[in-house]
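Note sheet for the following structure.
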Amino acid sequence: MRKNIVAGNWKMNKTFPEAEKLMKDLLAYKSKESTHCQVSIVPPSIYLSLAREIFKNKEVGLFSQDVSKHSHGAYTGEISAAMLQSMQLDGSLVAHSERRAYHRENDTLAKEKINALLAAGLRPIYCNGESLEERKAGKHLEVVKKQTETALFGLSEEEIKKVIIAYEPVWAIGTGETASPNQAQEIHSLIRNLIAEKYGRETAEEISILYGGSVKPDNAKEIFSKPDVDGGLIGGASLVLEDFIKIIQAFD
Ligand code: PGA
């Protein structure tokens with residue numbers, strides 16, 4: 001059966017000493033408490049090597065915030081899947097809504113990045129979700145369907161099982177607005193059903209679909225209780241250890 005996952009996306013936050021402290025505090029927590037979900041962090045890439053050192057026994061999963069579609073070469077500022085793999089990381093976010101908004105990423109590019117990660121033996125956390133305008137126009141189901149099909153449906157059955165999906169309605173990210181548990185469930189079950197139609201129910205049941213967008217200690221439990229919500233991609237609340245721990249404990 002699929003795994004429950006709580007992943008903290010730090011985005012562009014924390015100085016080096018702050019990042020080191022947060023990682024060490026998280027390690028201290030993980031060393032004394034057992035958790036009922038897989039815990040991962042997605043720090044700025046410049047801190048991934050520090051993170052690998054601190055979590056050397058893989059107590060916490062480590063993901064990059066982005067990856068290049070290219071394998072290597074003259075692409076200043078980019079990071080390849082092979083580099084992530086050589087540091088024994090777990091994978092990378094792909095097509096986070098902030099990458100879509102500020103770097104014009106789309107699902108065709110997402111598909112290439114997903115392929116690059118899978119070829120290196122890494123796991124993509126593929127993010128999708130509709131904008132406020134699209135939801136207001138009642139197009140959210142259609143938008144997420146198209147995104148999912150474009151980015152994922154060229155994969156083989158074995159490949160898609162390695163993908164983690166994060167549904168992140170753009171209007172709920174960093175805004176304090178959260179999708180209601182029922183709104184999240186509606187889209188999560190849509191995604192799972194699309195996968196089931198294409199790859200079979202058994203495969204669809206193995207894929208973790210996370211919700212992201214203003215998950216906080218006081219709403220995590222209710223959102224995670226929905227049958228097709230397998231955890232969360234947590235932004236703001238992952239920067240404060242106490243809040244992140246409370247969200248992890250929503251699975252207790
Ligand atoms: P947020 O971000 O929890 O701050 O809304 C979630 C995300 O973008 O991954």
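Both ligands and their constituent atoms are indexed starting at 1 by order of listing.
- Remark: distances from the non-hydrogen atoms of Gly213 to ligand 1 include one below 4.0 Å.
- Per-residue contacts place Asn9 under 4.0 angstrom from the following atoms of ligand 1 (heavy atoms of the residue considered): 9 (O).
- Counting only non-hydrogen atoms, the option in Gly212, Pro169, Gly235, Ser97 that gets closest to atom 3 (O) of ligand 1 is Gly235.
- Looking only at heavy atoms of the protein, atom 2 (O) of ligand 1 is closest to Lys11 NZ, 3.1 Å.
- The proximity of Ile173 to ligand 1, defined as any non-hydrogen pair under 4.0 Å, involves the side chain as well as the backbone.
- For ligand 1, one of its N or O atoms has an N or O atom of Ser214 under 3.5 Å away.
- One finds the CD1 atom of Ile195 at 12.0 Å from the NZ atom of Lys161 (value rounded to the nearest 0.5 Å).
- Screening residues 161-188 for ring-ring contact (aromatic ring centres under 6.0 Å, His included) gives Tyr167-His188 as the qualifying pairs, with residues at least two apart or on separate chains.
- Against a heavy-atom cut-off of under 4.0 Å, Gly174 is close to the following atoms of ligand 1: 1 (P), 4 (O), 5 (O).
- Remark: the backbone N or O of Ile207 is paired with a side-chain donor or acceptor of Arg192 at under 3.5 angstrom.
- Atoms of ligand 1 lying under 4.0 Å from at least one heavy atom of Glu168, given by number and element, are 6 (C), 7 (C), 8 (O), 9 (O).
- A donor-acceptor contact shorter than 3.5 Å is absent between the side chain of Tyr199 and the backbone of Glu158.
- Among residues two or more places apart in sequence or in another chain, the salt bridge (charged side-chain N to carboxylate O under 4.0 Å, His left out) test is passed with Glu149 by Lys145.
- What sits closest to atom 4 (O) of ligand 1 on the protein, heavy atoms only, is Gly236 N, 2.9 Å.
- Residue Ala172 has at least one heavy-atom neighbour below 4.0 Å for each of these atoms of ligand 1: 5 (O).
- Centroid-to-centroid, the aromatic rings of Tyr211 and Phe224 stay 6.0 Å apart or farther.
- Here atom 8 (O) of ligand 1 lies nearest to His96 when heavy atoms of Gln65, His96, Glu177 are compared.
- When non-hydrogen atoms are compared, ligand 1 lies under 4.0 Å from neither the backbone nor the side chain of Ala166.
- Of the possible polar contacts, none joining the Ser97 side chain to the Val170 backbone as a donor-acceptor pair under 3.5 Å is found.
- Within 6.0 Å of NE2 on His70 lie more than 12 heavy atoms contributed by other residues, nucleotides or ligands.
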